[in-house]
Amino acid sequence: LDAGFDPAMLQIVGVDAMRMAIERAESGCYAAGAAAPAAAERPWWLVESGQQLRVHPRLHAPVRFRTANLLDGALELGSFDLVFSRNFLI
């Protein structure tokens, strides 16, 4: 986003099989201990909100979340230019 991309041009989809994980991601709030303890060491996109850290609205806005199992096969998420995955086959 700092490179001049218009956030409206981005479409980011977060998928997890566990609804609880999706609800946490949708909230954009995380425990303060989830990132570097010193504010100077935190990335710009994590901002303090009381005792929590919140994902900056500029980064959070283009993200949509789905509860789904990617192994089901009949999932319609769209087409993508880039895919990142983590813990997919656990």
Side-chain angles (χ1 to χ4, degrees):
L1 295 175
D2 284 342
F5 287 103
D6 177 6
M9 298 292 292
L10 296 175
Q11 291 184 6
I12 302 169
V13 181
V15 179
D16 198 292
M18 296 179 61
R19 181 70 199 151
M20 197 156 115
I22 291 298
E23 288 172 356
R24 183 174 182 184
E26 284 176 328
S27 77
C29 288
Y30 299 91
E41 298 173 14
R42 278 190 211 118
W44 68 266
W45 46 268
L46 279 178
V47 293
E48 282 188 55
S49 178
Q51 297 288 73
Q52 296 183 322
L53 297 173
R54 180 175 292 278
V55 176
H56 193 286
R58 198 166 138 225
L59 181 62
H60 197 261
V63 182
R64 60 188 169 100
F65 298 92
R66 295 272 311 269
T67 302
N69 184 341
L70 295 176
L71 297 177
D72 285 346
L75 191 60
E76 289 293 327
L77 293 174
S79 60
F80 299 92
D81 293 317
L82 183 62
V83 175
F84 294 98
S85 66
R86 181 176 156 205
N87 301 336
F88 178 59
L89 295 174
I90 293 180

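Since the model is a prediction, treat every value here as computed from it, not as a measurement.
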Heavy-atom pair of closest approach, residues T67 and M18: CG2-C, 4.3 Å
Are the side chain of H60 and the backbone of W45 linked by a donor-acceptor contact shorter than 3.5 Å? no
Sub-3.5 Å donor-acceptor pair from the side chain of R54 to the main-chain atoms of S27, do we have one?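 A pair under 3.5 Å: yes.
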Connected via hydrophobic side-chain network under 4.5 Å: [X] and [Y]:
X	Y	value
V83	I12	no
F80	L70	yes
M20	F65	no
Y30	W44	yes

Quick one: pull up CD1 in I22 and CG in D16 and give me the separation to the nearest 0.5 Å. 5.0 Å
Straight-line distance of E48 CD to L53 CG, nearest 0.5 Å: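 Separation between the atoms: 6.5 Å.
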Salt bridge present between E26 and R19 (N-O < 4.0 angstrom): yes
Output all residues satisfying side-chain hydrogen bond (donor to acceptor under 3.5 Å, both in side chains) with Q52, sequence neighbours left out; order by chain, then residue number.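 Checked Q52 against side-chain hydrogen bond (donor to acceptor under 3.5 Å, both in side chains); zero matches.
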